[in-house]
Amino acid sequence: YSITLRKTVDSPMRLPCILTLASKPLAPVRSAVVFWLTDDRGRQMKRLLSLCAALAALVAVGSAGAAELDVWSSYGASLFVAELVPQFEHTTHNKVTVTYGKAGIIRTRILDGEAFDLTILPAGWETLQTDGKIAGSPVSIAHTDLGMAIRAGAPTPDTSSVDGLKRTLLAAKSIVYTDPKVGGISGTLFEGVISHLGIAGEIHKKSKLVTGVLTAQFVVKGEADLAVQLAGQILAVPGAQFVPMPPQFQTSVVFSGAIS
């Protein structure tokens, strides 16, 4: 296989690239498109090439014409997946059908034996590997940080310390975050934060739990004081400003991909 690497325009995910694997002459072109966000480029490149080779083998078993790939992605990865899929389809003439959902729901569907080609999830690979639902090890693709959203131009709340974060959360009249019961990674992480702070009861009383939406929209519309989600999702909402967690609660969420 020959491998072509070319950069695309920069984005909130910072280091986008396209990796194309072209098969031997006279055979159809097979490609995989991925984002990464890492400083360890050598190790990451090896992992990306492994995923691309696996995908090339996957689509090669199909017809000699264009392949159709069924991709299951968590909502948290939707921004870079949505940007890359059109590029992939244009370059390869293959068709990609993307189904977005909460990571926990996608994981359950896979464990139940539903068919897919590629899945992109933030965590929870152990059971999928043990049950033989994915081929090999997942490939790290991108990472982003947990944080909060405020309306752009509003006074920046104090989140420089654990005590500052606690005061900020208690002072907010309303907070929106992803329902952790459906497996949303940002909601699950935030539940851990407020439990650690000992204020879960107070926060629950004034929180709105949502699923499948960009929570920062509620802040921009004036329907909430704070919104909790991943940095990439917050920055995708015009009029929203990202506020980081204090060092003790800064969590980097890694999105990885694996084939069935």
Side-chain angles (χ1 to χ4, degrees), residues 12-13 32-37 47-48 50-52 54-55 57-59 62 67-89 94-146 176-192 209-217 227-234 236 251-260:
M13 285 296 190
V33 184
V34 291
F35 270 127
W36 81 54
L37 197 91
R47 292 179 179 177
L48 290 173
S50 296
L51 176 61
C52 291
L55 280 170
L58 174 68
V59 297
E68 294 187 9
L69 297 178
D70 189 10
V71 176
W72 293 1
S73 171
S74 66
Y75 284 121
S78 62
L79 296 177
F80 68 82
V81 171
E83 182 176 342
L84 289 174
V85 163
Q87 299 176 32
F88 173 86
E89 293 181 325
N94 294 325
K95 172 66 177 177
V96 179
T97 300
V98 182
T99 300
Y100 294 108
K102 289 302 176 185
I105 294 176
I106 292 177
R107 199 174 296 112
T108 298
R109 292 180 61 187
I110 293 174
L111 290 172
D112 288 342
E114 293 189 44
F116 70 98
D117 293 321
L118 169 69
T119 185
I120 300 173
L121 299 171
W125 294 101
E126 293 79 6
T127 303
L128 298 180
Q129 289 181 286
T130 301
D131 289 4
K133 300 298 184 180
I134 60 174
S137 299
V139 177
S140 299
I141 299 174
H143 73 74
T144 187
D145 298 327
L146 178 70
V176 180
Y177 63 99
T178 303
D179 189 351
K181 292 183 179 179
V182 296
I185 186 66
S186 60
T188 301
L189 292 173
F190 184 62
E191 279 291 332
L209 302 182
V210 297
T211 181
V213 298
L214 297 174
T215 60
Q217 294 177 353
V228 179
Q229 213 160 37
L230 302 179
Q233 295 169 304
I234 291 173
T251 302
S252 182
V253 177
V254 178
F255 290 97
S256 301
I259 65 173
S260 60

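When every heavy atom of Leu118 is checked against every heavy atom of Ala258, the shortest pair comes out as CD1-O, 3.2 Å. Nearest approach of Ser140 to Ser256, heavy atoms of both residues: CA-OG, 3.5 Å. Residues Gln129 and Gly136 come closest through the heavy atom pair NE2-O, 3.5 Å. When all heavy atoms of Ser73 and Val98 are compared, the pair lying nearest together is CB-CG1, 4.4 Å. Nearest heavy atom pair, residue Ala115 against residue Trp72, reads O-CZ2, 3.2 Å. The heavy-atom pair separating Ala103 from Pro122 by the smallest distance is CB-CD, 3.7 Å.
Two residues are said to be in side-chain contact when any heavy atoms from C-beta on lie closer than 4.5 Å; Leu128 and Leu111 meet this criterion. With a 4.5 Å cut-off on side-chain heavy atoms, Phe116 and Ile134 count as touching. Here the side chains of Lys102 and Thr211 are in contact, with some heavy-atom distance below 4.5 Å. Side-chain contact between Tyr75 and Leu230 is absent, with no heavy-atom pair separated by less than 4.5 Å. The side-chain heavy atoms of Gln233 and Thr144, taken from C-beta on, include no pair separated by under 4.5 Å. No side-chain heavy atom of Val81 sits under 4.5 Å from any side-chain heavy atom of Phe255. Side-chain contact check for Leu189 versus Val253: some heavy-atom pair is nearer than 4.5 Å.
Considering only residues two or more places apart in sequence or on other chains, Glu191 meets the side chain to side chain donor-acceptor pair (under 3.5 Å) condition with Tyr177, His204.
To the nearest 0.5 Å, atoms OG1 (Thr119) and CD1 (Ile259) are separated by 12.0 Å. A distance of 8.5 Å separates OG1 of Thr251 from CG of Asp145, quoted to the nearest 0.5 Å. Rounded to the nearest 0.5 Å, atoms CZ (Arg109) and OG1 (Thr99) are 6.0 Å apart. Note that CG of Leu214 is 9.0 Å distant from OG1 of Thr178, once rounded to the nearest 0.5 Å.
A donor-acceptor contact shorter than 3.5 Å links the side chain of Asp179 to the backbone of Lys181. Listed for the Glu68 side chain is no donor-acceptor partner under 3.5 Å among the backbone atoms of Thr97. Between the side chain of Gln229 and the backbone N or O of Val213 there is at least one donor-acceptor pair closer than 3.5 Å. The closest donor-acceptor contact from the side chain of Thr215 to the backbone of Val228 lies under 3.5 Å.
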